[in-house]
Amino acid sequence: MIQKTDLIITTPSPFNFAATISSHGWVDLPPNYCDAETNSMRRIEQLSPGNVVILQIYDVNSDDPSLIGVQVESENLLLESEKQEILHKLWDMLRLDEDLSEFYAICQKRGAPWDEMTRGYGRILRSPTFFEDVVKTICTTNVQWGGTRGMIKRLVENYGEPYPGNPALRTFPSPEVIAALPFDEFHANVRMGYRSAYIHLLSQRVVLGEVDLEAMKRSPLPTNELKKELLSIKGVGNYAAANLLMLAGRYDELTVDTVFRQFMRERYFQNQIPTDKEALTIYEDWGKWKYLAYWFEIWQYYNNQ
DNA sequence: TTCCAGGGGTAGA
DNA sequence: TCTACCCATGGA
């Protein structure tokens with residue numbers, strides 16, 4: 001018997017749900033699904049006791065952006081602890097605990113167009129586990145976006161836990177599931193090229209306790225030291241480490257990739273190709289907020305074209 | 001068919 | 001720290 005449970009999250013102000021779910025491509029990578037028409041997001045998630053549920057996350061009222069609704073579809077009536085787990089995970093995914101007041105104050109002082117940022121922009125969607133964020137980031141390297149989507153889709157379809165009411169809907173696979181697979185089988189099914197070895201190895205190291213990704217996400221270490229830890233993960237280089245720092249809530253590094261280089265060339269260098277060093281000087285005075293400044297500019301640039 | 005993508009690992013300077 | 005070379009995969 002399908003159960004539906006409605007939950008409400010009251011967010012800190014300012015918050016902009018639409019800007020958060022469309023903040024980057026993560027909303028289009030399974031087990032996340034974007035419904036552009038209703039401006040909502042769906043996610044298939046496994047809870048601690050093992051239950052797989054469907055989360056439909058939406059704006060309760062566009063006039064009151066501080067309220068987020070969550071409709072949970074499940075096979076069994078939800079326990080109170082499961083409701084709390086869902087709220088906790090969504091709080092983390094939407095980064096509702098991040099204090100952006102210092103950044104907003106700088107944007108306000110700079111005036112237009114930066115002051116628009118203070119209308120709740122800058123909370124960039126992430127996954128409930130850092131493992132999922134690391135795997136997805138590795139699958140964005142040296143591949144076009146369509147390729148990334150294909151890899152993650154195959155990973156979820158092959159190895160995610162199915163939702164009982166519709167086995168086509170699956171969760172993001174856990175490191176335990178991936179680590180237990182024979183590598184050849186995993187490699188053949190996910191078709192991630194050389195990335196599959198990195199992800200299989202990472203899963204094994206997580207299961208063996210050799211890498212604690214959740215501790216990295218919440219590490220008190222200075223950014224440069226945390227970056228070294230991230231770079232020690234095979235498959236994570238400069239671009240991926242910068243993306244993961246951003247996902248861990250640190251904005252002092254920029255993701256130098258083909259998107260960054262093309263944007264900088266068009267926006268700041270009159271279509272002449274700058275060196276990476278030259279391009280990086282553009283956001284230097286944003287200090288620990290570099291990535292959010294870059295994110296806002298590129299988000300505006302491609303949404304207004 | 002060839003090219004190359006939201007790069008990274010490794011070896012060798 | 002920098003450079004050269006190789007790396008699977010699939011879309012264009």
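Keep in mind that this is a model prediction, so the values were computed, not measured. Chain naming here is simple, since letters A, B, ... match the order of the sequence lines and numbering starts at 1 in each.
- C:dA8 and B:dC3 are spaced 15 Å apart, taking the C1' atom of each and rounding to whole Å.
- The side chain of A:T141 has B:dG8 as its nearest neighbour among B:dG6, B:dG9, B:dG8.
- The CZ-P distance, from A:R265 to B:dG6, rounds to 13 Å in whole Å.
- Contacts of A:T255 with the nucleic acid, taken as non-hydrogen atoms under 4.0 Å apart, are absent.
- Of the candidate nucleotides C:dG11, B:dG7, B:dG9, B:dG7 has the atom nearest to the side chain of A:D257.
- A:L202 has its CG atom 16 Å from the C1' atom of B:dG9, to the nearest Å.
- A:S40 and A:Q56 are linked by a side-chain donor-acceptor pair at a separation below 3.5 angstrom, with hydrogens and angles left out of the test.
- Taking atom CZ on A:R149 and atom P on C:dG11, their separation rounds to 12 Å, with Å as the unit.
- The ring of A:W286 has its center closer than 6.0 angstrom to the ring center of A:F103.
- Taking atom OH of residue A:Y294 and atom P of nucleotide B:dG6, one finds them 11 Å apart after rounding to whole Å.
- The shortest distance between side-chain heavy atoms of A:V211 and A:M216 falls below 4.5 Å.
- Taking the six-membered ring where the residue is Trp, the centroids of A:W289 and A:Y283 are separated by 6.0 Å or more.
- Closest to the side chain of A:N238, from the set B:dG8, B:dG7, B:dT10, is B:dG8.
- Put simply, A:T137 has no side-chain N or O that comes within less than 4.0 Å of OP1 or OP2 on B:dG6.
- Residue contacts shown for A:I233 are limited to sugar-phosphate atoms, with no base heavy atom under 4.0 Å away.
- A donor-acceptor contact under 3.5 angstrom links the side chains of A:T38 and A:D35, judged on distance only.
- Set against B:dG8, C:dT9, B:dA5, the side chain of A:H187 has C:dT9 as its closest nucleotide.
- Between A:H24 atom NE2 and B:dG6 atom C1' there is a gap of 12 Å when expressed in whole angstrom units.
- Rounding to whole angstrom units, CG of residue A:N142 and C1' of C:dT9 are separated by 10 Å.
- The phosphate of C:dG10 (OP1 or OP2) has a side-chain N or O of A:R191 nearer than 4.0 angstrom.
- Between A:K136 and B:dG6 there is no side-chain polar atom (N or O) within less than 4.0 angstrom of OP1 or OP2.
- Using a 4.0 Å heavy-atom criterion, one finds that A:G235 contacts the sugar-phosphate atoms exclusively.
- For the C1' atoms, the distance from C:dC7 to B:dC4 is 13 Å, rounded to whole Å.
- When the C1' atom is compared between B:dT1 and C:dG11, the two are found 14 Å apart, to the nearest whole Å.
- Taking atom OH on A:Y302 and atom P on B:dG6, their separation rounds to 10 Å, with Å as the unit.
- Between A:K234 and A:V259, it is A:V259 whose nearest contact on DNA chain B lies nearer the 5' terminus.
- Across the protein-nucleic acid pair, A:M151 atom CE and C:dG10 atom C1' stand 8 Å apart, rounded to whole Å.
- No hydrogens or angles were tested; on distance alone, nothing pairs the side chain of A:Y198 with the base of B:dG9 as donor and acceptor under 3.5 Å.
- Between A:Y294 and A:F260, the two ring planes are perpendicular [angle over 60°; tilted spans 30° to 60°].
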